[in-house]
Structure formats: structure tokens, C-alpha cells
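All values below come from the heavy atoms of this structure, side chains included, with hydrogens, waters and symmetry mates left out. Indexing begins at 1, ligand by ligand and atom by atom, following the structure's order. Not measured: the values here are computed from a predicted model.
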Amino acid sequence: MVSIATLGSHCALQLLKGAKDEGLETLLICEKKRERLYRRFNFIDKLILVDAFSEILEQKCESILQKNNSVLIPHGTLIAQMDSKQIESIKTPIFGNKHILRWESDRALKEQLMKEAKLETPKSVPNPKEINGLVIAKRHGAAGGKGYFLASNENEYNKKRDQLIKEGMINGDNDLYLQEYTSGVLAYLQFFYSPLKNELEFFGVDKRHESDIDGLSRIPAENQLNTDTISSFNVIANSPLVLRESLLDDVYTMGENFIEASSKLVPPGMNGPFCIEGVYDENAKFTSFEFSARIVAGTNIFMNGSPYTTLIYNEPMSMGRRIAREIKQAETENKISKIIT
Ligand code: ATP
């Protein structure tokens with residue numbers, strides 16, 4: 001029987017609770033400083049204590065995972081703390097397509113995949129000299145919005161870039177990606193695709209609360225006019241959304257196009273959880289600025305199921321539990337190679 005393993009952060013509690021609900025053994029790779037937190041939860045069977053998550057690449061950790069027949073579930077912390085080469089070198093079987101994670105962290109590849117998926121995206125601005133409207137400057141990789149800023153012209157951009165250089169967050173222009181800013185209602189669309197059933201499930205929608213950009217709306221406009229301030233988009237929390245029902249058909253189409261595009265560009269394609277992230281404008285048109293090719297932390301809202309999973313399952317179904325169920329089914333049908341890389 002397989003066991004489920006993950007890194008102690010991001011959505012580990014949801015993943016391991018879901019695995020336990022499906023009757024599977026659970027392992028947590030846990031930084032020593034977080035041991036006290038994770039010992040509180042009795043659905044975690046084993047803790048592998050490490051000083052740093054990079055120890056997952058070391059023989060000692062690998063052999064514990066191998067002995068326990070573990071499947072590793074990747075999440076945002078793995079992407080944030082390891083580069084794609086390191087992730088590809090992990091010997092423990094990874095749920096989903098680990099090769100697509102490189103497409104998530106490389107902005108050029110990301111753009112290519114989103115275009116192939118026919119997603120409407122904001123234009124990128126290749127050179128700060130070409131800024132002629134509001135742009136968002138983002139750091140490469142899954143920085144989670146930290147150190148991102150807005151600028152309306154080259155001067156403003158230069159000032160804020162220099163501030164980030166001074167703070168040691170970037171080295172220069174090459175560390176920033178500029179994109180037109182899109183206004184509207186932010187929505188993070190969560191999906192699960194099962195290659196075993198060849199079925200797309202729409203799991204839920206969340207919005208993020210990002211600091212300090214969210215706090216700005218509480219301040220009178222004249223006090224916001226300090227252009228020297230970097231308004232970070234650092235994610236602090238998530239809350240649930242429910243979409244107008246008339247938008248759902250397009251949501252499924254976006255998810256299906258994404259699956260089709262990824263199977264063409266990144267074999268074996270997208271399987272398991274993913275998220276398409278963007279903005280609905282005043283005409284309810286969706287522009288997508290980002291995807292995550294793995295479970296997102298916004299699914300933590302729905303540990304007991306979401307309004308949309310209620311339509312598919314007659315029991316509480318979290319994304320973590322859904323993943324465990326897929327792994328169990330693959331094992332029973334002898335198809336585990338179809339869902340891991
Ligand atoms: P993560 O990996 O956590 O998703 P990331 O580093 O890839 O983060 P994005 O998701 O692209 O970064 O952006 C972070 C935040 O910045 C978004 O949640 C959103 O609030 C804002 N944002 C990004 N791009 C745009 C855009 N083009 N228009 C408006 N807001 C944007």
C-alpha cells in the first residue's frame with residue numbers, strides 16, 4: 001500500500017488529513033522548528049525531521065520515503081524552495097507531472113503554455129521604456145507576490161526597482177517581469193483532472209488577501225500618493241467565492257483547454273490539481289495572469305468540501321482527499337505510473 005508524504009507547510013494539513021480520511025498512511029517532512037505545530041495532529045503518522053527541506057534530496061530522507069512506499073505531493077513550498085532541476089532530480093515518485101512545474105516558474109514558458117491554452121492574458125511589457133499605462137512588476141519564480149509593485153511610467157518603475165535592489169531582493173531589471181495591470185474581480189479557479197477517469201472536476205474558487213495592497217483601499221487617496229512606497233502583493237489569507245452560475249461553462253472550457261495544451265506541450269500533460277488565476281472585468285470576461293500546476297493553498301478553505309464539490313460528491317471532499325482517492329484508485333487498477341512522474 002502506498003503512503004502519502006509532503007513538506008510541512010502550505011497545505012500539508014489538508015493533504016494529510018485527506019489521505020487519512022482515505023485510509024492511507026501519512027508522512028510529513030518537517031522542519032525541526034515546526035515540530036511542535038505538526039505533532040498536534042493525530043492524522044500524521046510519521047514525522048521526518050529535517051533542518052531544511054532540501055534534505056529531501058539526500059539519501060537518508062529518500063530511503064525513509066522509499067521504505068514507506070511514499071508518493072510525494074508537491075505544493076507551493078516545494079516550488080518556492082527548490083529550482084526545477086532539483087525538483088526533477090527527486091527520486092521519490094511525485095504525484096502529477098513534475099516537468100510542468102518548470103513551466104510554472106519560468107515566465108516565458110508560462111506565457112507559451114497559457115497562449116496554447118487560449119487563455120486571455122495581460123500583455124507583457126518587455127522593456128521599462130515601453131511602459132505607458134499601469135503595469136505590475138513581478139519577480140521570477142513563485143515569489144508569492146512579495147516585492148511586486150505597480151508603476152505607471154519608467155521613472156516610477158526605476159525608483160521602485162532601485163529600492164528593491166537596495167533591499168537585496170533583486171539584482172536588476174532582469175529579475176523583474178512587467179505585465180499590464182488588469183482591474184476587476186480577482187478569482188483563483190481550482191480544478192482537478194483525473195487521467196484515470198478522463199474527467200475534469202471544478203473544485204472551487206477563492207480570492208486572496210494580499211498585504212499590503214489590500215490595506216491601501218482603507219487609506220484615503222491623498223495618503224496613498226506616496227509613489228516611493230512598494231505595495232507588495234504578499235499572500236496572507238484566502239477566502240471563498242461563488243461565481244455567477246452563467247460563468248461556469250466558460251470555467252470548464254478554460255480548464256479543458258489548459259489540459260489539452262499541457263498534454264501537447266508537456267507530456268504526459270496536466271494531471272491532478274491545478275489553478276487558473278486572473279480577473280473578471282466589467283463584462284465578466286476573464287483575463288488570466290497566472291496558473292499553478294499543482295495544488296494551491298486556496299484549497300485549504302474547502303477542507304470540508306466546497307459548494308462545487310458538493311455537486312459532484314455526496315461526502316465532504318477536499319482537494320487533499322481527492323488526490324488520495326486518485327492514488328488509491330490508480331493502485332487498485334495497477335495504473336500508478338499514469339499519475340506520478
Ligand atoms: P503565486 O505563485 O503565489 O501564484 P506569483 O509569484 O506567481 O504568485 P502572481 O500570482 O502572478 O505571482 O501575482 C501575485 C499577485 O499579484 C496576484 O495574486 C494578483 O493580486 C496580482 N497580479 C498579478 N498579475 C496581475 C495583473 N496582470 N493584473 C492585476 N493584478 C495582478
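- With a 4.0 Å heavy-atom cut-off, ligand 1 is reached by the side chain of I136 but not by its N, CA, C or O.
- For Y181, heavy-atom contacts with ligand 1 shorter than 4.0 Å involve the backbone as well as the side chain.
- Ring geometry for H75 against H10 counts as parallel: the plane angle stays under 30°, on a 0 to 90° scale with 60° as the upper cut.
- At least one heavy atom of E180 sits under 4.0 Å from some atom of ligand 1.
- Polar contact with ligand 1: present for E210 (N/O pair, distance under 3.5 Å).
- For F302 and F203, the gap between ring centers reaches or exceeds 6.0 Å.
- By the ring pair (Phe, Tyr, Trp, His ring centres under 6.0 Å) test, F286 is found to be paired with Y280, residues two or more places apart in sequence or in another chain being considered.
- Among K207, H209, R208, the one residue that satisfies the side-chain hydrogen bond (donor to acceptor under 3.5 Å, both in side chains) test with S239 is H209.
- Atoms of ligand 1 lying under 4.0 Å from at least one heavy atom of Y148, given by number and element, are 5 (P), 6 (O), 12 (O), 13 (O), 14 (C).
- If you check each of K138, Q179, E277 against atom 23 (C) of ligand 1, the one with the closest non-hydrogen atom is K138.
- Annotation for G18 and S318: closest pair CA-OG, 4.4 Å, computed over non-hydrogen atoms.
- Checked against a 3.5 angstrom limit, the closest N/O atoms of T182 and ligand 1 fall inside it.
- Taking the ring pair (Phe, Tyr, Trp, His ring centres under 6.0 Å) definition, one finds that F192 meets it with nothing, sequence neighbours left out.
- For K110 and F291, the positive end sits near the middle of the six-membered ring, less than 6.0 Å away and at most 45° from its axis.
- The ligand atoms of ligand 1 that sit less than 4.0 angstrom from a heavy atom of Y188 are 17 (C), 18 (O), 19 (C), 20 (O).
- Residue-ligand proximity, G145 to ligand 1, at heavy-atom distances under 4.0 Å covers atoms 6 (O).
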